[in-house]
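Data block below; observations after.
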Amino acid sequence: MDAQFAIAGRDFVISVTDKGVMSSILKMKKNQDKTCQLSSHTFMSVSGEPGDTSNFSEYIQGNVKLYSVRNSQDLSPSETANFIRGELADALRSRSPSHVNLLVAGYDKGAGEAALYWIDYLSAMAKVPFASHGYCGYFLYAVMDREYTPDITLDGAKALVKKCFEVLKTRFVIDFADYTIKVVDRDGTRELRQDEL
Amino acid sequence: MSIMQYNGSAIVAMAGKDCVAIAADKRLGQRALTVDTDFQKVFPITDRTYVGLPGLATDVKTLYDRFRMRVNLYKHREERTIEPKTFSHLVSHMLYERRFGPYFVEPIIAGLDKNDKPYICGMDLIGCLDFAKDFIVGGTASDNLYGMCESLWEPDLGPNDLFETISQALLAAVDRDALSGWGAVVHIITPEGVITRDIKGRMD
């Protein structure tokens, strides 16, 4: 029951995750950051089984960092996404599968373009212009399908994110208190407050 | 709904006169929700052998990666490219290795052999080979594809007629299947080379 979605333009990706942690009918926490920084220009948002999310993202973060240290070079977003998919796919058919849904967002400095990868807990992967996981998708894909254009600007994407919030507020059973909003572009990753949209 | 229907797909291969064709839809979904409308399900193995992987999307990716590794090893060891028939047996063995925990795909292989003769073959998820002289179908729209291919296919079609036949068969089949569609890609393999065309379909 998380809110997790992202929108990619030509040279940026904007990603949104809610900050709530729920356990059954209890609200355990309302300031959890569900994103995980992998390198200066790549990060991922994670949802799924509570223990698996932090375990898997810390494992990936460690190994992506290890690669950059060993090779004095960061992995590109596509390399990062393919590495993550491989690890998740191996885990899927092992004795300890991880139940995590991921959105990998990054800016490829070499190619000069942004990339967004959708990966589900079965480790099916797709490079997409916009994406969402879980129940939110049933509401947000409709909004994003209608409003998205391939040449969308960051301001356009911010307005679209606001519209997504509006739909969640009016039609979704859960009232998400707060969101982590992150943008990655050629200058790196930065976090936005909701009033900065 | 079985795991084979989770992501949705429709793939068909047809034999013609000194040419073969393989076509696939582009949808990736999670049951009824469409996630991606440009998902690759047909992959080149050599210049004249293609494999289509209808079924669970995670296994489509995993298997293609493993095929690529095995075909490259074959190329280095044997110093020649793999024949479509040899490749089908490789695929069949790789699937049967996982007999009691299978990959959820039904591969379809289309290619021209070293004598330029068409070769098409399909198999089930544990690698039982199915050779055909006419056409092979797979995916969530396979029932519809059987009907379309049965009525449209005829022997000895040239590359252009084969393209028209396979495209119409696929488009008509996916229009009556909710889990596949959103455009298609068609590869026509001829001795002179491969012609790849993207075709638009109903986007609903």
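Residue numbering restarts at 1 for every chain, and letters A, B, ... go by the order of the sequence lines.
Of the atoms belonging to B:D38, not a single heavy atom falls under 4.5 Å from chain A. Only the side chain of A:D120 comes within less than 4.5 Å of a heavy atom in chain B; its backbone stays farther off. With a 4.5 Å cut-off on non-hydrogen atoms, A:A89 touches chain B through its side chain but not through its backbone. For chain B, no part of A:I119 is nearby; none of its heavy atoms comes within less than 4.5 Å.
The minimum heavy-atom distance between A:T42 and A:Q37, with the atom names listed, is O-NE2, 3.4 Å.
Using cut-offs of 30° and 60° for the angle between ring planes, the A:F172 and A:F176 rings count as parallel.
The one candidate from A:Y121, A:F5, A:Y141, A:W118 that meets the ring-ring contact (aromatic ring centres under 6.0 Å, His included) condition with A:H133 is A:W118.
For the atom pair A:I14 CD1 and A:L192 CG, the distance stands at 5.5 Å (nearest 0.5 Å).
Listed options B:T62, B:D36, B:L33, B:V35 were ranked by heavy-atom pairs under 4.5 angstrom with chain A; first place goes to B:V35.
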| task | For side-chain contact (heavy atoms from CB on, under 4.5 Å), just list the numbers for B:L145 and B:L170, CA-CA rounded to whole Å, side-chain angles, deciding distance to a tenth of an Å, and then say yes or no. | result | CA-CA 7 Å; B:L145 279 165; B:L170 185 70; 3.9 Å; yes

